[in-house]
Amino acid sequence: MKRKAFIFDLDDTLYDQFLTFKQGFDLFLGTYTGTEPLSSIPDTILHSIYIKSRYYGDQNFETIQKYPDKRFYYDSLRVRLAFQDFGFNLTEEDTNSIDTLYKKEQSNLILAHGMRACLTELKNAGHFIGVITNGYSQQQRDKLAALQVSDLMERETILVSADTPWIKPQKELFEYYISEHHLEDFATFYIGDSYENDVLGAWNSSITPIWLNKKKQLVEEGEHDLYHVTSYDDMYHLLKKISTQ
């Protein structure tokens, strides 16, 4: 059996980021004194607002990398714009509070249900396990510390884009990782939730992507290999199957 490398995205792959966003938002509701009917927002709409905030965050990520002193402004702005798209007009003070509470809740992260057992099984089978994530170096490493995965992967196998000149989906980021960890002769898989960053990034560097498409997006599949799952359970079954081939 050929040894394999399983490299994971972090946010919305190793853990469900929306749950953390919701926890921060619920804390904010306890102090909100404005007139917008925020307490009546159903989870389905709140989830869509969260997804839109991620979209705006991605739009401004490179700008923040260049001007880190503007990060707090843009992080709050992404939340404000997302709520505006759904008809809720929040003040800058409101979204400052939501974003602050959201980040505070990131110290209480837990792995997605079943993820620890999955990672443990892959490690015990002798496969390489690592992480490639976009984001700010210390923030992403703090998240991994909160997830308590140090017994499952070495610190050196975690790569944050801010520690390099590249971001996903640039192929140089993936190729650098493969070279640094001497994975050229491994069957290498990259597992992530973003088609644009994770699937295209893996394809760009000749890595086989496993797309955790929880949002069930419809996209045209390319000519390269792609494993496509829509739930964590399906992903676990697929990884177990691949790992034993």
Side-chain angles (χ1 to χ4, degrees), residues 2-15 17 54-55 57-66 112 115 118-119 122-123 125-141 143-144 147 149-150 152-215 217 219-229 232 235-236 238-239 241-243 245:
K2 186 175 184 180
R3 194 177 179 203
K4 300 173 180 70
F6 296 95
I7 308 166
F8 291 80
D9 171 47
L10 173 55
D11 300 315
D12 265 340
T13 299
L14 288 183
Y15 74 99
Q17 196 170 26
R54 284 197 64 184
Y55 165 79
D58 288 344
Q59 295 295 103
N60 294 316
F61 183 71
E62 290 189 60
T63 300
I64 299 171
Q65 292 281 73
K66 294 179 182 178
M115 182 62 74
C118 174
L119 295 174
L122 293 176
K123 179 181 179 181
H127 299 302
F128 178 96
I129 303 174
V131 167
I132 298 176
T133 174
N134 278 353
Y136 313 104
S137 182
Q138 193 57 52
Q139 181 185 33
Q140 297 301 84
R141 295 184 185 281
K143 290 177 185 178
L144 286 159
L147 291 171
V149 294
S150 60
L152 298 171
M153 61 186 76
E154 301 295 329
R155 178 179 174 85
E156 292 75 19
T157 67
I158 297 165
L159 180 63
V160 184
S161 64
D163 295 329
T164 78
W166 314 290
I167 61 173
K168 295 186 297 183
Q170 290 177 293
K171 68 177 183 179
E172 290 86 355
L173 183 70
F174 293 87
E175 291 174 346
Y176 169 78
Y177 189 95
I178 295 297
S179 175
E180 281 291 295
H181 297 287
H182 310 291
L183 300 176
E184 292 86 352
D185 295 328
F186 283 58
T188 302
F189 302 85
Y190 186 73
I191 304 98
D193 70 295
S194 168
Y195 183 85
E196 292 78 11
N197 288 338
D198 302 329
V199 174
L200 297 183
W203 276 344
N204 287 342
S205 50
S206 301
I207 295 171
T208 301
I210 298 175
W211 184 22
L212 178 57
N213 183 15
K214 294 183 289 183
K215 299 190 287 288
Q217 293 173 262
V219 297
E220 292 185 12
E221 295 191 4
E223 298 177 356
H224 307 285
D225 290 337
L226 169 65
Y227 291 99
H228 184 184
V229 295
Y232 279 106
M235 184 184 77
Y236 300 147
L238 175 62
L239 290 175
K241 179 180 178 181
I242 293 173
S243 71
Q245 288 176 344

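To the nearest 0.5 Å, the span separating CG on L147 from CG on L10 amounts to 6.5 Å. How far CD of E184 is from CD of E175: 10.5 Å, rounded to the nearest 0.5 Å.
Q170 places a side-chain N or O within donor-acceptor distance of the main-chain N or O of I167, the cut-off being under 3.5 Å. Judged by distance alone, the side chain of R155 and the main-chain N or O of S150 form no donor-acceptor pair under 3.5 Å. Although no hydrogens or angles enter the test, the distance criterion places a donor-acceptor pair under 3.5 Å between the side chain of T164 and the main chain of S161. In terms of modelled atom types and a separation under 3.5 Å, the side chain of H127 and the main chain of L122 share no donor-acceptor contact. With W203 contributing its side chain and D225 its backbone, the two residues share a donor-acceptor pair below 3.5 Å. No side-chain donor-acceptor contact under 3.5 Å links S179 to the backbone of Y176.
Ring pair F186/F128 is perpendicular by interplanar angle, where above 60° counts as perpendicular and below 30° as parallel. A parallel orientation is assigned to the rings of H228 and W211, their planes being inclined by less than 30° (bins at 30° and 60°).
Considering only heavy atoms from C-beta on, Y190 comes within 4.5 Å of D198 through its side chain. Within the 4.5 Å cutoff, no side-chain heavy atoms of V229 are placed close to those of N213. Within the 4.5 Å cutoff, the side chain of I178 has heavy atoms near those of the T188 side chain. Contact check for I191 versus F6: side-chain heavy atoms found under the 4.5 Å cut-off.
E172 CD: more than 12 foreign heavy atoms inside a 6.0 Å radius. Heavy atoms of other residues, nucleotides or ligands lying less than 6.0 angstrom from NZ of K171 number 12 at most. For Y236, the OH atom sits in a packed shell: over 12 heavy atoms of surrounding residues, nucleotides or ligands are nearer than 6.0 Å.
In terms of heavy atoms, E156 sits closest to H181 at O-CE1, 2.9 Å. Closest non-hydrogen pair, L14 versus D9, comes out as CG-O, 3.5 Å.
Between D12 and K215 there is no salt bridge, since no side-chain N of the basic residue sits under 4.0 Å from a carboxylate O of the acidic one. Taking the charged nitrogens against the carboxylate oxygens, R141 and D163 do have a contact shorter than 4.0 Å, which makes a salt bridge.
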